[in-house]
Amino acid sequence: MKMSDNAKKAVFIGSLCSVAYFAVYVARNALSAVTPQMLEGGFTEGYIGKISSVYFIVYAIGQLINGFVGEKIKARYMISFGLLLAGICNFLFPMLSGSENGVMIVYGMTGFFLAMIYGPMTKVVAENVEPIYAPRCSIGYELASFLGSPSAGMLAVFLPWQGVFISSSVVLMLMGVIAFSVFFAFEKKGLISYGQYRSEKHGAAKVKVLFKHQIVKFCLIAILTGVVRTSVVFWLPTYISQYLGFSAQTSAAIFSVVTFIMATITFITVFIYERLKRNMDKTILLLFSVSLVAFISVYFVKHPVLNIILLVLAIMSSMGVSTMMWSRYCPGLRDTGMVSTVTGFLDFLSYMAAAVANLVFANAVTSIGWGNLILVWTALVAIGVIVALPYNKIFKLSKTNGKA
């Protein structure tokens, strides 16, 4: 069957965004992948937790700012310069490892520049790709983000931690140059244009529009999934090393394998979504429920292999909820003219939650232990199940019964 012009356009734009986002996530997961190595080299959990929290906080603030700016400036500039400048800062990280303040500054700046990517990218997809293809493009770069974790893990298997940072920096800078060139070519060919959709509402009217689009529910989902998909995954190599007793190198290898497996959640989520007749709310509730059962099982099952399998299932299910939010909910806001703004705001909430969680988890490991920390993760997902309940339908049913 011959591919339509709209489908080809979606493939071109989606592929460009996916490759760019892959580079982002290789760099983003570098610190997580090399944490066991750095701990063996004399760094502490508290120090690494502090660095990662600074990154998440600045990244979150960057998402809030850049999400708004992304409504005004072309994606070509936002994405390409974000990649290039993040690559330069990431390159400086190992050079300044002897200076705590220097490390905090350059890693925080890395976070801000990487925050220039996602909002504008989602906006350019939503505005230039037909609605039927937009979620598939978003799922493409969600998949790319998941593949970034095992790629960083593989680098950590073969390279010292300094080499992992330098390699990821080269990938970022190279992708920045490629993104600028390809975006420019797409604009010249008319594949990408800007400003087709603008919000007709202002002030309080904008907020009312977002309330109709369940913004409160998705703010809570962004916070909960941000902790699990970002902070829990960040500490996964250390969990495997300290709690399950594997060496640093083996932990990095396991991290690569399990995060590669996690990448399949994009396809699994789409499969579930289609089987549930494209009902986003039912899909989210089911995935949160599976995650809750899996986290409870992690607490009781002590066998290392089974423990890892269950933990991976728990994290994957929560990631599936996140996939629904980024690939279905955010692009679906196209007609509001606020795709970049809302995407940036939800990402802001997600990473602020992850930043706080990273500090808490770093201290919790030594104070309450990994076992009790698993219970904390379980409680977070339990809240997710409560948030995902179909309150509108329950309320309507209760009103109907009351009238009867």
[Y] and [X], any side-chain heavy atoms less than 4.5 Å apart:
X    : Y    : result
L114 : R28  : yes
F112 : I61  : no
Q242 : L39  : yes
V182 : F186 : yes
V58  : F113 : no
I79  : F183 : yes
L155 : V26  : yes
M262 : L236 : yes

Just verifying a value: how many Å separate [X] [atom1] and [Y] [atom2], rounded to the nearest 0.5 Å?
X    : Y    : atom1 : atom2 : answer
Y47  : K50  : OH    : NZ    : 8.5 Å
I88  : M173 : CD1   : CE    : 6.5 Å
I284 : K217 : CD1   : NZ    : 5.5 Å
I383 : L220 : CD1   : CG    : 9.5 Å
I166 : Q162 : CD1   : CD    : 7.5 Å
I254 : I308 : CD1   : CD1   : 4.5 Å

>> Tell me whether F91 at atom CZ has more than 12 heavy atoms from other residues, nucleotides or ligands lying less than 6.0 Å away.
In response: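 Not more than 12 within 6.0 Å, no.
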
>> Please check if the number of heavy atoms outside F12 that lie under 6.0 Å from its CZ is greater than 12.
In response: no

Test your reading of the model: is there a side-chain donor-acceptor pair from [X] to the backbone of [Y], 3.5 Å cut-off?
X    : Y    : result
S291 : L287 : no
S322 : S318 : no
N307 : V298 : yes
Q37  : A156 : yes
N66  : V69  : no
D347 : T343 : no
S168 : A30  : no

Do [X] and [Y] get their side chains close enough for a donor-acceptor pair, meaning under 3.5 Å?
X    : Y    : value
T250 : S247 : yes
Y299 : N372 : no
R278 : Y273 : no

> Under 6.0 Å between the ring centres of Y21 and Y25?
Replying inline: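 Yes, ring centres under 6.0 Å apart.
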
>> If the condition is ring pair (Phe, Tyr, Trp, His ring centres under 6.0 Å), which residues does F288 pass it with, not counting sequence neighbours?
In response: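 Listed in chain order: nothing, the list is empty.
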
>> Test of understanding: with ring pair (Phe, Tyr, Trp, His ring centres under 6.0 Å), list the residues that count as partners of F295, not counting sequence neighbours.
In response: none

> Centre of F180's six-membered ring, under 6.0 Å away, within 45 degrees of the axis: is that where NZ or CZ of R76 sits?
Replying inline: yes

>> For a side chain to side chain contact (heavy atoms under 4.5 Å, CB included) check, start with the C-alpha distance between I221 and V387, then their side-chain angles and the critical distance, and finish with the verdict.
In response: CA-CA 8 Å; I221 288 174; V387 170; 4.2 Å; yes

>> Over 60° means perpendicular and under 30° means parallel, so tell me whether F165 and W161 are parallel, tilted or perpendicular.
In response: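 Rings of F165 and W161: perpendicular, over 60°.
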
>> Classify the ring geometry of Y107 against Y55: parallel below 30°, tilted from 30° to 60°, perpendicular beyond 60°.
In response: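 Rings of Y107 and Y55: tilted, as their planes differ by 30° to 60°.
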
>> Show, in sequence, the C-alpha distance, side-chain angles and deciding distance for M109 and L92, and conclude whether the side chain to side chain contact (heavy atoms under 4.5 Å, CB included) test is met.
In response: CA-CA 11 Å; M109 290 174 66; L92 294 174; over 6 Å; no

>> Run Y239 and S251 through side chain to side chain contact (heavy atoms under 4.5 Å, CB included) and show every step you take.
In response: CA-CA 9 Å; Y239 172 89; S251 297; over 6 Å; no

